[in-house]
Amino acid sequence: MNVHEYQAKELLAAQGIPVPVGYAALSVDEAVAAAGKLPGPLYVVKAQIHAGGRGKGKFKELPEGAKGGVRLARSVDEVRANAEEMFGQTLVTIQTGAEGKQVNRLYVTDGVDIAKEYYLALLVDRGSGRIAMVASTEGGMDIEQVAHDTPDKITTILIDPAQGFMPHHGRALAYALELEGDLNKQGQALARKLYDAFIALDCSMLEINPLVATEDGKLLVLDAKMSFDSNAMFRHKDLEALRDETEEDPMEVEASRHDLAYVKLDGNIGCMVNGAGLAMATMDIIKLNGAEPANFLDVGGGANKEKVTAAFKIILSDPSVKGILVNIFGGIMRCDIIADGIVAAAREVDLKVPLVVRLEGTNVEEGKAILAQSGLPIVAANDLGDAARKIVAQVREAA
Ligand code: ADP
Ligand code: MG
């Protein structure tokens, strides 16, 4: 799960991490009111979308040369003018894809006199099984270019989670950022606080780009991108409230309501499978037969009629789906129960695309009989290869 910059900053501020003052706004009036609460004279109006690269982003609807998604304003009137221009527009950045993201929220924050911009990120490094702290003196909007052209300017510090954050990690970070004097001390303290926040909030990623040194010698978090480990959300009920579903794929949101693991893909064969491994194998074998899966969908071990129906509806709400392959292993759930679910669901959703079903496991014969007797145009398959060949052929025929 991801959150907006302003939410990440509120979470960090609550852990004693220095961030500039700012307020989120859902309308022009709220943006103006937010600016009224800030000292001025420099304000920054920032688009809140779940994607980075906003500063260099472009608004689709605005003329060439219009300013991007992070704008300096020198008066409350300028804040108003920028808010009027930005609300409801589509911002395209290197991270949004060509379709962009609609700006429904702004963050109005204190303008900071920046002396230097740094890059700092924490993430879970699967390779080493450690928390990686990644730092660079070359922070700011060109960090991707820095990583590509001069990777030696990026330092990685690994922290063993069992041992935890040690003073030498802080010193290594401050050294990597070439911080001196009081800034060096601030850097060490900040590193520890960020690590503690990362662990306390069960983050999977925390990226601060830029971290800045101000003209008056303070380290400040100027931008923050935070994502959480979904598997840990059960112990952070309060974070659940920060979820902004308008930022997520509507089908994936619907799937999560039914406890289904769903990821939309680019192909045209919808897949309904139980178990992540079987789902991966099913996608592979569709590709082997020269077609592309339209989604990954794992209905889980306890798939019942309700889940199967919900899964059908989600798959069919994707207009690119031209055929469905159901591949279910009846282990915990018997094949006859699954077949009942498939038949009921196919009737309920008024299925108009070819459906190939491969069942295997407990009571498979009873299950196949239910499908055959349903009167629905369901094609039965005997094994995975057979199923993939059949659905690919059916979709080609229908095209
Ligand atoms: P993004 O990474 O999405 O482009 P940032 O929040 O990093 O957005 O903003 C882009 C740039 O805008 C920063 O690198 C910084 O130079 C400038 N900036 C952002 N916030 C402020 C601020 N509060 N005061 C002054 N400059 C800012
Ligand atoms: Mg940034």
Side-chain angles (χ1 to χ4, degrees), residues 2-13 17-25 31 34-35 37-60 66-76 78-79 82-83 86 89-97 100-123 134-147 153-154 177 194 205-227 244 247:
N2 301 317
V3 292
H4 289 294
E5 172 199 1
Y6 80 93
Q7 296 167 321
K9 283 183 171 167
E10 281 169 10
L11 292 168
L12 294 176
I17 291 158
V19 304
V21 194
Y23 304 95
K37 287 191 262 180
L38 295 171
L42 191 61
Y43 308 87
V44 185
V45 185
K46 308 180 80 171
Q48 297 297 289
I49 54 171
H50 285 186
R54 297 162 299 165
K56 288 195 168 174
K58 288 196 163 38
F59 283 100
K60 249 187 190 170
K67 286 190 271 176
V70 176
R71 298 173 170 201
L72 291 179
R74 288 188 168 75
S75 66
V76 175
E78 269 189 42
V79 169
N82 280 299
M86 290 162 87
Q89 308 292 335
T90 316
L91 183 59
V92 180
T93 81
I94 43 163
Q95 291 186 9
T96 60
K101 279 192 177 235
Q102 194 179 48
V103 176
N104 302 315
R105 271 175 223 233
L106 295 176
Y107 186 47
V108 184
T109 177
D110 236 352
V112 170
D113 286 326
I114 302 172
K116 175 147 183 67
E117 301 196 340
Y118 304 92
Y119 179 91
L120 178 56
L122 278 85
L123 41 99
V134 182
S136 176
T137 51
E138 309 304 304
M141 295 196 279
D142 295 317
I143 191 69
E144 283 84 4
Q145 203 62 35
V146 173
K153 295 224 157 118
I154 295 176
L177 294 182
L194 288 173
M205 196 270 304
L206 170 57
E207 184 185 59
I208 295 166
N209 186 33
L211 170 73
V212 299
T214 61
E215 287 292 355
D216 58 356
K218 298 270 182 310
L219 276 187
L220 266 186
V221 168
L222 221 60
D223 183 15
K225 217 171 159 201
M226 197 184 256
S227 33
D244 181 356
E247 290 284 334

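Both ligands and their constituent atoms are indexed starting at 1 by order of listing.
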Exercise. Between Thr90 and Gly100, is there a donor-acceptor pair closer than 3.5 Å when you use the side chain of the first and the backbone of the second?
Worked result: no
Exercise. Is any N or O atom of Thr109, backbone or side chain, closer than 3.5 Å to an N or O atom of ligand 1?
Worked result: no
Exercise. In Asp223, the N, O or S atom nearest to the Mg ion (ligand 2) is which?
Worked result: OD2
Problem set entry | Exercise: do Asp244 and His4 side chains pair donor with acceptor under 3.5 Å | yes
Exercise. Starting from atom 16 (O) of ligand 1, which protein heavy atom do you reach first, and at what distance in Å?
Worked result: Glu117 OE2, 2.4 Å
Seminar exercise, completed: One finds that the ligand 1 atoms under 4.0 Å from a non-hydrogen atom of Val70 are 8 (O), 9 (O), 12 (O), 19 (C)
Exercise. Using a heavy-atom cut-off of under 4.0 Å, does the side chain or the backbone of Val112 touch ligand 1, or both, or neither?
Worked result: both
Exercise. If you measure every N/O of Glu5 against every N/O of ligand 1, is any gap under 3.5 Å?
Worked result: no
For this session: Look at atom NZ of Lys153 and say whether more than 12 heavy atoms of other residues, nucleotides or ligands are closer to it than 6.0 Å.
Result: no
For this session: Could you tell me the residue and atom name of the protein heavy atom closest to atom 4 (O) of ligand 1, and the distance to it rounded to 0.1 Å?
Result: Gly55 N, 2.7 Å
For this session: Tell me which protein heavy atom sits closest to atom 20 (N) of ligand 1, plus the residue, atom name and distance to 0.1 Å.
Result: Lys46 NZ, 3.3 Å
Exercise. Is any N, O or S atom of Asn209 under 2.8 Å away from the Mg ion (ligand 2)?
Worked result: yes
For this session: Identify, by atom number and element, the atoms of ligand 1 in contact range of Pro210, meaning under 4.0 Å from any of its heavy atoms.
Result: 7 (O), 13 (C), 14 (O)
Exercise. Where do Lys9 and Asp223 land on the salt bridge (charged side-chain N to carboxylate O under 4.0 Å, His left out) test, with the steps shown first?
Worked result: CA-CA 8 Å; Lys9 283 183 171 167; Asp223 183 15; 5.7 Å; no
Problem set entry | Within reach of ligand 1, part of Leu42 (heavy-atom separation under 4.0 Å) | neither
Exercise. Nearest protein heavy-atom contact for atom 21 (C) of ligand 1: which residue, which atom, what distance?
Worked result: Leu222 CD2, 3.5 Å
Problem set entry | side-chain hydrogen bond (donor to acceptor under 3.5 Å, both in side chains) evaluation trace for Gln95 with Lys225 | CA-CA 13 Å; Gln95 291 186 9; Lys225 217 171 159 201; 2.6 Å; yes
Exercise. Is there a donor in the side chain of Arg74 and an acceptor in the side chain of Tyr43, or the other way round, less than 3.5 Å apart?
Worked result: no
For this session: Output yes when the distance from some N or O of ligand 1 to some N or O of Gly111 is under 3.5 Å, and no in every other case.
Result: no
For this session: Starting from atom 26 (N) of ligand 1, locate the nearest protein heavy atom and write down its residue, its atom name and how far away it is, to 0.1 Å.
Result: Ile114 CD1, 3.6 Å
Problem set entry | Nearest neighbour in protein (non-hydrogen) for atom 8 (O) of ligand 1 | Arg54 NH2, 3.1 Å
Exercise. At what distance is the nearest protein heavy atom to atom 23 (N) of ligand 1, and which residue and atom is it?
Worked result: Asp110 O, 2.9 Å
For this session: Ignoring hydrogens and angles, state whether a donor on the side chain of Tyr118 or Glu138 is under 3.5 Å from an acceptor on the partner side chain.
Result: no
Exercise. Is the shortest distance from a heavy atom of Pro20 to ligand 1 less than 4.0 Å?
Worked result: no
Problem set entry | Note, Lys67 side chain near Met86 side chain (heavy atom, < 4.5 Å) | no
Exercise. Tell me, do Leu11 and Met226 make a side-chain contact under 4.5 Å, heavy atoms counted?
Worked result: yes
Problem set entry | Nearest-neighbour protein heavy atom for atom 5 (P) of ligand 1, which is reported as residue plus atom name and distance | Asp223 OD2, 3.4 Å
Exercise. Backbone or side chain, does any N or O of Gly140 fall under 3.5 Å from an N or O of ligand 1?
Worked result: no
Exercise. Going by distance only, is there an N or O of Gly53 that falls short of 3.5 Å from an N or O of ligand 1?
Worked result: yes
Exercise. In terms of atom number and element, which parts of ligand 1 are under 4.0 angstrom from non-hydrogen atoms of Gly52?
Worked result: 3 (O)
Problem set entry | Side-chain donor-acceptor contact under 3.5 Å, Lys60 with Gln102 | no
Exercise. Can you find a heavy atom in the side chain of Ile94 that is under 4.5 Å from one in the side chain of Glu144?
Worked result: yes
Exercise. Is there at least one pair of N or O atoms, one from Lys56 and one from ligand 1, spaced under 3.5 Å apart?
Worked result: no
Problem set entry | Heavy-atom side-chain contact between Leu91 and Arg54 under 4.5 Å | yes
Problem set entry | Single hit among Leu120, Leu123, Leu194, Val221 for side chain to side chain contact (heavy atoms under 4.5 Å, CB included) with Leu206 | Leu194
